[in-house]
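See structure below.
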Amino acid sequence: APAAHLCKPPRPSWCLATAILGEMAAVAVVSSGALDDSRDKVMSLPQLQNLMKRDPEAYEVEFEQQWKHFASMMEIFRLKPQKPQSSFGEQVMFLAHVSPSFPGKRDLPSMLIGALDEHFEVMHSSMRQTLVQALILLRNRNQFPCIRTLPLYFKLLGFSDKLLRKQIFAHIVKDISQMNTKSRSQNTNKELRDFFFVKMKEGEVEVARRACAAFISLYRKDVWRDAHVVNLMSAGLVHPDVKLSAALAHLFLGNKTKGLEGILEESEDEAPEEAAEVANDIVGAKKTARREKRLKRAKQAAHRAKTKRSRKEEESGHISFVAIDLLHDSQTLAERLLQRIAKSGEPFLFRLLLMHLTSRLVSRHMLVIPNLYPFLLKYLNPTQHEVTQVLACLVEASHDQVPPDDLKPVVLHVIKNFVTEVNAPEVIEVGLNAIREVCARAVNILTEEELADLVGFRKFKNKGVAMAARSLINTYRDIDPQLLHRSLRGKQATMAISRGEVKAPEFGSRHIADGIEGLEMLAKRRRTGEGSGDEAPGEVDTKQMVMDEVLSSEDFKKLRKLRLQRSVEMQLGRKRKAEEMSDSSGGSSDEDEDGSDSGSEAERGLAGRLPGAMSAAELKATPSRARTKAERLARVQAGRVDFKDKLAEKRKGRKGGKTNIEQKRNKPLMMSMNSGNVRKKKARNAHEKVKTMKKHIKTLKQNAKRPKIRRKG
């Protein structure tokens, strides 16, 4: 830093020269009286900052002088805020670092907030960035409450400065997260939540998006996850902005990674843009090696970013129902979403996302919305874009409390338009899968004649269609085997019908369990393991087991496996072997150790379980494989590689001429015979020849086990 005017103090002590307005940096003058009276030191602001932090009491006078200098520079800055002033920025950051060491002396945050609030629109970008950094530094040292700067920050979020918006948003989320790390202040959190909610409802589009993004980020960081926050966020689902509503829809659908990329500038999206920019630079320009290497690196970076995003989506395959289960008035929200979907002014994919959320609300809260099913029927056409997702919405909107008169017309429409022999096998398979899932969730959907027509596709020539028809048979063996033909019911279901244990499901009826379902199977398993001669326990043993024991988590895991095994036996019509049962139980135990989510997913369809999520991937047809001999031969030929052609193509695309080895290989014979190496060999004496021969024999012994393969051609 430039030197300031020097002054000699009357006594050997620290002092600071009066700073001159307009000089490039403030400096401190120190007289080394105790060490050397004839020598003076000139210090820069970082050196003075270090000394002030170490001993604040000894530098109160210097702090006051620096503050007066800052106040003078602030007045000059207010006259021309659009002009960048590096000296003023250095002074601001200096005071932001040292002012926490002098509490109660001066109110630096008020001056910075006032300057930003008054001049942020015309202020130079570097000065705006510096003042915001100073406020962040002061807030990190707890110099003022968080709510004090939020109105200013949200004004700046609406400004067209991408880097500044990203910095402010990251600071807000991190600050609130750190506030709730050790202790949670309910009053402070309530004030902050209300502020964000007001900004999300009444602010500008960019400000509302940032408020929504703050809600989502804090929810995913486990900072704000209570029912009050979830219901505040649900109000944003009907916001006019499509991106904001879509981000919240992804949150309520349980997606852990999707949503924020639409309302925030993500760094991962910069890689494809960089690749496109490099490609545009190369088009029409001379193709040099440097430019091609740059394009190759940009493409590799774009590919890595794409792979990273897809890996994140695969890892976050688990769907969380926490947010959607905390809603208070799900019926009103579903009806308002359906009204918004019915308007055709918004993009179809966005309306499809809201349609999926509406179906999820119906499924999780057992809602009855009669207008939903005629609306879905309009989009159930094999030629409709994303029809598989519409079928997934229909499946999720089905449960046992939906009147059969509302669902049956839609199912008959699917049978008429999808499950016909004139359609492609993939269309038939998707239709059968959708009908199976709807019938497994709802009751009294198909009659005996309609089920017989669908079951007839089990003999279809396409394997995927036949498997879908058999899965429909297995489903009805479990829920209502009386509708199936006697030859299709299976052994276990037929025996259960003959014993009178199977009753046809009725709409409006609920099975109320008076005990723990399947407890007798657990008691039987225990008695079998103990080697007891009794085959089955009586009712007294089961009641005594409930009265005398407290079932552990391991017992409930075994109970879930036994219930699932019984369901599979009813569907397959046979009992599995002991080896199969042990293998499946071993695999299930590993899944249960990972978490209860995998267990509940495997038990979908059992009595007393809430219906799980349904995606289009679970309904789509199996990929077609090469069946005929000609197709298989064509596939084999495509997999074969001609290495000569590959080598020729590699040489053709190589820059430059032939290598030295290739040049030597194609050298004329007469030139090789007259080369220097050949003439040198001919001129060797007997001693040199013997020495060379011994060396050659030694090399042959070393390479005897791995002989060199000669190049052909």
Side-chain angles (χ1 to χ4, degrees), residues 267-315 623-713:
S267 59
E268 295 177 353
D269 298 337
E270 296 176 2
E273 294 176 2
E274 183 184 355
E277 181 183 354
V278 173
N280 291 333
D281 292 343
I282 291 179
V283 171
K286 185 178 179 180
K287 292 186 178 180
T288 61
R290 183 170 176 269
R291 286 174 178 161
E292 290 191 353
K293 286 181 180 178
R294 184 183 168 206
L295 177 61
K296 184 178 179 181
R297 286 195 299 267
K299 287 182 177 180
Q300 289 176 350
H303 179 69
R304 285 195 298 268
K306 184 179 179 181
T307 308
K308 185 178 178 182
R309 285 196 301 270
S310 61
R311 190 182 298 117
K312 279 185 179 180
E313 293 176 1
E314 290 176 2
E315 290 175 356
S624 59
R625 298 179 180 177
R627 300 295 180 186
T628 63
K629 185 176 181 180
E631 291 176 344
R632 285 186 274 114
L633 283 176
R635 194 173 176 186
V636 170
Q637 292 293 339
R640 290 177 178 173
V641 179
D642 191 350
F643 291 100
K644 289 186 178 180
D645 295 341
K646 188 176 180 181
L647 187 61
E649 184 180 356
K650 184 178 179 181
R651 288 176 180 174
K652 186 178 179 180
R654 186 181 61 195
K655 298 294 181 183
K658 296 181 180 180
T659 62
N660 292 338
I661 297 176
E662 292 173 346
Q663 294 280 18
K664 186 177 179 180
R665 188 184 301 131
N666 298 327
K667 192 174 182 179
L669 181 61
M670 295 303 297
M671 292 183 65
S672 299
M673 291 176 63
N674 293 322
S675 64
N677 289 334
V678 174
R679 289 198 302 268
K680 188 177 179 180
K681 287 181 181 179
K682 288 181 180 180
R684 288 183 299 182
N685 54 25
H687 178 70
E688 291 176 348
K689 289 182 180 180
V690 172
K691 185 177 179 182
T692 305
M693 182 62 68
K694 288 181 178 179
K695 186 177 179 181
H696 181 59
I697 292 172
K698 183 178 179 182
T699 305
L700 288 176
K701 288 181 179 180
Q702 290 178 353
N703 299 333
K705 296 183 180 180
R706 39 186 179 85
K708 185 177 181 181
I709 301 175
R710 293 183 57 84
R711 179 182 176 275
K712 296 181 180 180

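Index from 1, following the sequence.
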Next on the checklist: Tell me which pairs pass side-chain hydrogen bond (donor to acceptor under 3.5 Å, both in side chains) where either residue lies in residues 667-687, with sequence neighbours left out.
Outcome noted: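 Checked against side-chain hydrogen bond (donor to acceptor under 3.5 Å, both in side chains) - neighbours excluded - the pairs reaching residues 667-687 are Arg684-Thr692.
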Checklist entry - How about Val636 and Arg632: do any of their side-chain heavy atoms sit closer than 4.5 Å? => result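 Of all side-chain heavy-atom pairs linking Arg632 with Val636, none is under 4.5 Å.
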Next on the checklist: Can you confirm whether Ile661 is buried at CD1, in the sense that more than 12 heavy atoms of other residues, nucleotides or ligands lie under 6.0 Å from that atom?
Outcome noted: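 No, the 6.0 Å shell around CD1 holds no more than 12 heavy atoms from other groups.
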Checklist entry - For Leu669, what residues pass the side-chain contact (heavy atoms from CB on, under 4.5 Å) criterion, not counting sequence neighbours? => result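 So Leu669 forms a side-chain contact (heavy atoms from CB on, under 4.5 Å) with Met673.
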Next on the checklist: Has Glu662 got a side-chain atom pairing as donor or acceptor with Thr659's backbone, closer than 3.5 angstrom?
Outcome noted: yes
Item to check | Those residues that, when tested against Glu688, pass salt bridge (Lys or Arg N to Asp or Glu O under 4.0 Å) (two or more places apart) | outcome: none
